[in-house]
Amino acid sequence: MRLERNRNTVTVYLEGEMDHCSAQQIRRMLDQSIQESDIKNMVLDMREMSFMDSSGIGVILGRYKVLRSRGGKLTVRNMNRQVEKVFKLSGMDQIIDIE
Amino acid sequence: METVNSMKITFLSVPENESFARVAVSAFAVQLNPTLDILADIKTAVSEAVTNAIVHGYRDGQGMVEVEAALSRDGILYLTVSDEGCGICDIEQAMQPFFTTQPEKERSGMGFSVMQTFMDKVEVQSQKGKGTRVTMEKKLTVA
Ligand SMILES: Nc1ncnc2c1ncn2[C@@H]1O[C@H](COP(=O)(O)OP(=O)(O)OP(=O)(O)O)[C@@H](O)[C@H]1O
Ligand SMILES: [Mg+2]
(Lines give C-alpha, C1' and ligand atoms only; values in the text may rest on other atoms or scores of the structure.)
(Ligands and ions follow the chains in the order given, each with its own letter.)
Protein backbone atom coordinates (compact mmCIF):
# COMPACT_ATOMS: atom_id res chain seq x y z
CA MET A 1 0.00 0.00 0.00
CA ARG A 2 1.55 3.25 -1.21
CA LEU A 3 0.65 6.75 0.01
CA GLU A 4 0.98 10.08 -1.73
CA ARG A 5 0.41 13.41 0.01
CA ASN A 6 -0.50 16.60 -1.73
CA ARG A 7 -1.43 19.47 0.59
CA ASN A 8 -4.42 18.24 2.60
CA THR A 9 -5.23 15.29 0.34
CA VAL A 10 -3.78 11.82 0.70
CA THR A 11 -3.98 9.29 -2.12
CA VAL A 12 -3.80 5.66 -1.05
CA TYR A 13 -2.93 2.99 -3.60
CA LEU A 14 -4.67 -0.14 -2.31
CA GLU A 15 -3.37 -3.56 -3.31
CA GLY A 16 -4.57 -7.15 -3.26
CA GLU A 17 -7.89 -8.21 -1.82
CA MET A 18 -10.15 -6.44 0.65
CA ASP A 19 -12.10 -9.06 2.60
CA HIS A 20 -12.80 -9.61 6.29
CA CYS A 21 -9.31 -11.07 6.72
CA SER A 22 -7.47 -8.02 5.38
CA ALA A 23 -10.03 -5.36 6.35
CA GLN A 24 -8.75 -4.80 9.88
CA GLN A 25 -5.24 -3.95 8.74
CA ILE A 26 -6.38 -1.76 5.84
CA ARG A 27 -8.76 0.09 8.17
CA ARG A 28 -5.98 0.74 10.66
CA MET A 29 -3.59 2.06 8.00
CA LEU A 30 -6.22 4.31 6.44
CA ASP A 31 -7.20 5.77 9.82
CA GLN A 32 -3.55 6.34 10.67
CA SER A 33 -2.94 8.29 7.50
CA ILE A 34 -6.09 10.36 8.09
CA GLN A 35 -5.00 11.22 11.62
CA GLU A 36 -1.26 11.68 11.16
CA SER A 37 -1.34 15.15 9.67
CA ASP A 38 -4.08 17.58 8.89
CA ILE A 39 -5.44 15.45 6.07
CA LYS A 40 -8.87 16.49 4.94
CA ASN A 41 -9.50 14.50 1.79
CA MET A 42 -8.67 10.94 0.81
CA VAL A 43 -8.48 9.33 -2.61
CA LEU A 44 -8.58 5.53 -2.77
CA ASP A 45 -6.88 4.29 -5.92
CA MET A 46 -8.06 0.71 -6.54
CA ARG A 47 -6.05 -0.08 -9.67
CA GLU A 48 -4.11 -2.84 -7.88
CA MET A 49 -7.08 -4.06 -5.83
CA SER A 50 -8.20 -7.33 -7.40
CA PHE A 51 -11.12 -8.24 -5.15
CA MET A 52 -13.51 -6.74 -2.64
CA ASP A 53 -16.56 -8.09 -0.79
CA SER A 54 -19.00 -6.56 1.70
CA SER A 55 -16.24 -6.25 4.32
CA GLY A 56 -14.70 -3.70 1.94
CA ILE A 57 -17.99 -1.80 1.82
CA GLY A 58 -17.75 -1.47 5.59
CA VAL A 59 -14.19 -0.16 5.42
CA ILE A 60 -14.95 2.41 2.73
CA LEU A 61 -18.21 3.63 4.33
CA GLY A 62 -16.45 3.88 7.68
CA ARG A 63 -13.67 6.09 6.25
CA TYR A 64 -16.29 8.15 4.40
CA LYS A 65 -17.94 8.91 7.73
CA VAL A 66 -14.66 9.75 9.47
CA LEU A 67 -13.67 12.17 6.70
CA ARG A 68 -17.09 13.73 6.47
CA SER A 69 -17.12 14.43 10.20
CA ARG A 70 -13.88 16.39 9.66
CA GLY A 71 -15.41 18.33 6.79
CA GLY A 72 -13.42 16.35 4.22
CA LYS A 73 -14.17 14.16 1.26
CA LEU A 74 -13.54 10.61 0.05
CA THR A 75 -13.03 9.79 -3.62
CA VAL A 76 -12.57 6.38 -5.21
CA ARG A 77 -10.97 5.61 -8.57
CA ASN A 78 -9.78 2.84 -10.89
CA MET A 79 -12.04 0.04 -9.68
CA ASN A 80 -12.05 -3.21 -11.65
CA ARG A 81 -15.39 -4.70 -12.70
CA GLN A 82 -15.80 -6.96 -9.67
CA VAL A 83 -14.99 -4.19 -7.20
CA GLU A 84 -17.23 -1.71 -9.00
CA LYS A 85 -20.15 -4.16 -9.00
CA VAL A 86 -19.93 -4.58 -5.21
CA PHE A 87 -19.43 -0.83 -4.77
CA LYS A 88 -22.53 0.06 -6.81
CA LEU A 89 -24.68 -2.67 -5.29
CA SER A 90 -24.15 -1.13 -1.87
CA GLY A 91 -25.33 2.25 -3.14
CA MET A 92 -22.01 3.86 -2.21
CA ASP A 93 -21.82 5.41 -5.68
CA GLN A 94 -24.72 7.63 -4.58
CA ILE A 95 -22.69 9.26 -1.81
CA ILE A 96 -19.02 8.74 -2.70
CA ASP A 97 -17.44 10.34 -5.77
CA ILE A 98 -15.90 8.11 -8.40
CA GLU A 99 -13.09 9.91 -10.19
CA MET B 1 -29.95 -32.91 -11.84
CA GLU B 2 -27.24 -35.16 -13.25
CA THR B 3 -23.96 -34.50 -11.45
CA VAL B 4 -20.78 -34.65 -13.50
CA ASN B 5 -18.37 -33.61 -10.76
CA SER B 6 -18.44 -32.70 -7.09
CA MET B 7 -16.17 -31.69 -4.23
CA LYS B 8 -16.29 -30.99 -0.53
CA ILE B 9 -13.84 -29.14 1.68
CA THR B 10 -13.93 -28.56 5.41
CA PHE B 11 -11.78 -26.01 7.18
CA LEU B 12 -11.39 -24.19 10.48
CA SER B 13 -13.24 -20.89 10.83
CA VAL B 14 -10.19 -18.62 10.63
CA PRO B 15 -10.17 -15.52 8.38
CA GLU B 16 -7.23 -16.83 6.33
CA ASN B 17 -9.56 -19.47 4.92
CA GLU B 18 -11.81 -16.87 3.27
CA SER B 19 -9.42 -16.50 0.34
CA PHE B 20 -8.68 -20.24 0.41
CA ALA B 21 -12.38 -21.01 -0.09
CA ARG B 22 -12.73 -18.47 -2.90
CA VAL B 23 -9.76 -19.87 -4.76
CA ALA B 24 -10.78 -23.50 -4.22
CA VAL B 25 -14.33 -23.04 -5.53
CA SER B 26 -13.19 -20.94 -8.46
CA ALA B 27 -10.56 -23.55 -9.39
CA PHE B 28 -13.28 -26.19 -9.27
CA ALA B 29 -15.72 -24.17 -11.40
CA VAL B 30 -13.16 -23.21 -14.03
CA GLN B 31 -13.36 -26.65 -15.68
CA LEU B 32 -16.56 -25.57 -17.41
CA ASN B 33 -14.83 -22.50 -18.88
CA PRO B 34 -17.06 -19.82 -17.38
CA THR B 35 -16.34 -16.18 -18.22
CA LEU B 36 -14.08 -14.22 -15.86
CA ASP B 37 -17.09 -12.17 -14.78
CA ILE B 38 -19.01 -15.30 -13.79
CA LEU B 39 -16.00 -16.61 -11.87
CA ALA B 40 -15.69 -13.28 -10.07
CA ASP B 41 -19.40 -13.45 -9.13
CA ILE B 42 -18.92 -16.93 -7.65
CA LYS B 43 -15.81 -15.90 -5.71
CA THR B 44 -17.67 -12.96 -4.23
CA ALA B 45 -20.65 -15.07 -3.15
CA VAL B 46 -18.39 -17.73 -1.59
CA SER B 47 -16.53 -15.03 0.26
CA GLU B 48 -19.77 -13.63 1.71
CA ALA B 49 -21.13 -16.98 2.89
CA VAL B 50 -17.83 -18.18 4.34
CA THR B 51 -17.17 -14.85 6.08
CA ASN B 52 -20.65 -15.00 7.62
CA ALA B 53 -19.97 -18.47 8.98
CA ILE B 54 -16.72 -17.21 10.52
CA VAL B 55 -17.82 -13.83 11.91
CA HIS B 56 -21.44 -14.62 12.82
CA GLY B 57 -21.83 -18.39 13.06
CA TYR B 58 -18.72 -18.88 15.18
CA ARG B 59 -18.52 -15.34 16.55
CA ASP B 60 -17.52 -16.44 20.05
CA GLY B 61 -15.19 -19.26 19.12
CA GLN B 62 -14.10 -21.54 16.38
CA GLY B 63 -15.61 -24.38 14.44
CA MET B 64 -15.56 -26.06 11.09
CA VAL B 65 -16.96 -24.57 7.89
CA GLU B 66 -17.96 -26.89 5.07
CA VAL B 67 -18.10 -25.93 1.41
CA GLU B 68 -19.64 -28.32 -1.11
CA ALA B 69 -19.81 -27.80 -4.85
CA ALA B 70 -21.31 -29.82 -7.65
CA LEU B 71 -21.52 -29.36 -11.40
CA SER B 72 -24.50 -30.59 -13.34
CA ARG B 73 -24.54 -31.86 -16.94
CA ASP B 74 -26.36 -28.69 -17.98
CA GLY B 75 -23.60 -26.44 -16.64
CA ILE B 76 -25.00 -25.31 -13.32
CA LEU B 77 -22.82 -24.90 -10.24
CA TYR B 78 -24.52 -25.94 -6.99
CA LEU B 79 -22.84 -24.54 -3.90
CA THR B 80 -23.46 -25.13 -0.21
CA VAL B 81 -21.72 -23.33 2.65
CA SER B 82 -22.56 -24.61 6.11
CA ASP B 83 -21.53 -24.09 9.70
CA GLU B 84 -22.55 -25.52 13.05
CA GLY B 85 -22.55 -22.14 14.73
CA CYS B 86 -25.15 -20.06 16.52
CA GLY B 87 -27.75 -20.05 13.76
CA ILE B 88 -30.09 -17.25 12.65
CA CYS B 89 -33.34 -16.48 14.55
CA ASP B 90 -35.11 -14.56 11.82
CA ILE B 91 -33.85 -15.47 8.35
CA GLU B 92 -36.13 -13.06 6.52
CA GLN B 93 -34.87 -10.15 8.58
CA ALA B 94 -31.24 -11.28 8.22
CA MET B 95 -31.56 -11.22 4.44
CA GLN B 96 -32.86 -7.64 4.29
CA PRO B 97 -30.35 -5.24 2.75
CA PHE B 98 -28.46 -3.25 5.43
CA PHE B 99 -29.59 -5.52 8.28
CA THR B 100 -26.63 -6.43 10.47
CA THR B 101 -26.13 -7.57 14.04
CA GLN B 102 -22.57 -6.18 14.03
CA PRO B 103 -22.80 -2.47 13.15
CA GLU B 104 -20.08 -1.73 15.71
CA LYS B 105 -17.67 -3.78 13.60
CA GLU B 106 -18.49 -1.66 10.55
CA ARG B 107 -20.52 -4.46 8.96
CA SER B 108 -22.90 -3.06 6.39
CA GLY B 109 -25.50 -5.83 6.20
CA MET B 110 -24.94 -6.32 2.49
CA GLY B 111 -23.61 -9.90 2.43
CA PHE B 112 -26.87 -11.66 1.57
CA SER B 113 -27.75 -8.95 -0.97
CA VAL B 114 -24.40 -9.54 -2.66
CA MET B 115 -25.06 -13.31 -2.78
CA GLN B 116 -28.55 -12.75 -4.20
CA THR B 117 -27.32 -10.34 -6.85
CA PHE B 118 -24.26 -12.34 -7.90
CA MET B 119 -25.88 -15.80 -7.96
CA ASP B 120 -29.01 -17.09 -9.73
CA LYS B 121 -30.53 -18.60 -6.60
CA VAL B 122 -29.84 -18.34 -2.85
CA GLU B 123 -31.53 -20.32 -0.10
CA VAL B 124 -30.86 -20.12 3.63
CA GLN B 125 -31.71 -22.76 6.19
CA SER B 126 -30.86 -22.15 9.81
CA GLN B 127 -31.69 -23.32 13.26
CA LYS B 128 -30.84 -21.40 16.40
CA GLY B 129 -28.01 -23.10 18.22
CA LYS B 130 -27.52 -25.69 15.47
CA GLY B 131 -26.07 -23.85 12.52
CA THR B 132 -26.67 -22.34 9.11
CA ARG B 133 -26.64 -23.69 5.59
CA VAL B 134 -26.59 -21.44 2.53
CA THR B 135 -27.34 -23.08 -0.82
CA MET B 136 -26.65 -21.24 -4.06
CA GLU B 137 -26.84 -21.89 -7.80
CA LYS B 138 -25.20 -20.28 -10.78
CA LYS B 139 -25.34 -21.11 -14.45
CA LEU B 140 -21.74 -21.27 -15.64
CA THR B 141 -22.14 -21.49 -19.36
CA VAL B 142 -23.84 -18.95 -21.53
CA ALA B 143 -26.50 -20.85 -23.48
N1 LIG C 1 -23.72 -18.16 9.17
C2 LIG C 1 -24.40 -17.32 9.98
N3 LIG C 1 -24.61 -17.64 11.28
C4 LIG C 1 -25.30 -16.80 12.10
N5 LIG C 1 -25.80 -15.60 11.71
C6 LIG C 1 -25.62 -15.23 10.43
C7 LIG C 1 -24.92 -16.06 9.49
N8 LIG C 1 -24.92 -15.43 8.30
C9 LIG C 1 -25.57 -14.27 8.49
N10 LIG C 1 -26.01 -14.13 9.76
C11 LIG C 1 -26.81 -13.00 10.29
O12 LIG C 1 -27.38 -12.31 9.22
C13 LIG C 1 -27.03 -10.93 9.24
C14 LIG C 1 -26.90 -10.41 7.82
O15 LIG C 1 -25.82 -11.02 7.12
P16 LIG C 1 -25.14 -10.21 5.91
O17 LIG C 1 -24.00 -10.99 5.39
O18 LIG C 1 -26.20 -9.80 4.95
O19 LIG C 1 -24.62 -8.88 6.63
P20 LIG C 1 -23.40 -8.72 7.65
O21 LIG C 1 -22.54 -9.93 7.61
O22 LIG C 1 -23.95 -8.32 8.96
O23 LIG C 1 -22.62 -7.49 7.02
P24 LIG C 1 -21.64 -7.55 5.75
O25 LIG C 1 -21.82 -8.88 5.09
O26 LIG C 1 -22.10 -6.42 4.87
O27 LIG C 1 -20.28 -7.35 6.29
C28 LIG C 1 -25.75 -10.88 10.05
O29 LIG C 1 -25.53 -9.63 10.64
C30 LIG C 1 -25.97 -12.00 11.08
O31 LIG C 1 -26.76 -11.52 12.15
MG1 LIG D 1 -21.88 -10.79 5.86
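Y78(B) and M115(B) fall into different hydrophobic clusters, where Ile, Leu, Val, Met, Phe, Trp and Tyr residues are linked whenever their side-chain heavy atoms come under 4.5 Å apart, directly or through other members. Cluster membership for M79(A) and M1(A), using ILVMFWY side-chain heavy atoms within less than 4.5 angstrom, is shared. Note: the hydrophobic cluster containing M110(B) does not contain M95(B) (ILVMFWY, side chain heavy atoms under 4.5 Å, direct or indirect links). Residues F112(B) and Y58(B) share a hydrophobic cluster, clusters being chains of Ile/Leu/Val/Met/Phe/Trp/Tyr side chains in contact below 4.5 Å. Hydrophobic clustering (side-chain heavy atoms under 4.5 Å, transitive across Ile, Leu, Val, Met, Phe, Trp, Tyr) keeps I76(B) apart from L39(B).
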Going through the distances and angles, do D41(B) and K85(A) end up as a salt bridge (charged side-chain N to carboxylate O under 4.0 Å, His left out)?
CA-CA 9 Å; D41(B) 287 352; K85(A) 194 167 167 182; 3.0 Å; yes
Please walk me through it: do E106(B) and R63(A) pass salt bridge (charged side-chain N to carboxylate O under 4.0 Å, His left out)?
CA-CA 10 Å; E106(B) 288 193 342; R63(A) 283 348 92 205; 2.4 Å; yes
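Side-chain contact between L89(A) and V114(B) is present, with at least one heavy-atom pair separated by less than 4.5 Å. With contacts defined as side-chain heavy-atom distances shorter than 4.5 Å, the pair S90(A)/F98(B) does not qualify.
Contacts of V55(B) with chain A are made by side-chain atoms alone, with heavy-atom separations under 4.5 Å and no backbone atom involved. Neither the backbone nor the side chain of K65(A) has a heavy atom closer than 4.5 Å to any heavy atom of chain B. Contacts between S47(B) and chain A at a heavy-atom distance below 4.5 Å involve backbone atoms as well as side-chain atoms. At a 4.5 Å heavy-atom cutoff, the contact between K105(B) and chain A is made by backbone atoms alone. Neither the backbone nor the side chain of N17(B) comes within contact range of chain A, judged by heavy atoms closer than 4.5 Å.
Between chain B and the residues Q82(A), M52(A), R27(A), Q24(A), the most heavy-atom pairs under 4.5 angstrom are made by R27(A).
Checking side-chain atoms of E18(B) against main-chain N and O of C21(A) turns up a donor-acceptor pair under 3.5 Å. Between the side chain of E48(B) and the main chain of S54(A), a donor-acceptor pair closer than 3.5 Å is present.
Taking both residues in full, the closest heavy atoms of H20(A) and R107(B) are given as CD2-NH2, 3.3 Å, listed atom of the first, atom of the second, then distance.
Separating the NZ atom in K43(B) from the CG atom in D19(A) is a distance of 11.5 Å, to the nearest 0.5 Å.
More than 12 non-hydrogen atoms from other residues, nucleotides or ligands lie less than 6.0 angstrom from CD of E68(B). Within 6.0 Å of atom CD in E16(B), more than 12 heavy atoms from other residues, nucleotides or ligands are found, so the atom counts as buried in its surroundings. By the 6.0 Å contact criterion, CZ on R47(A) is open, its count of non-hydrogen atoms from other residues, nucleotides or ligands being 12 or less. A 6.0 Å sphere centred on CD of E92(B) holds no more than 12 heavy atoms belonging to other residues, nucleotides or ligands.
Donor-acceptor pairing under 3.5 Å is lacking for the side chains of E17(A) and S19(B).
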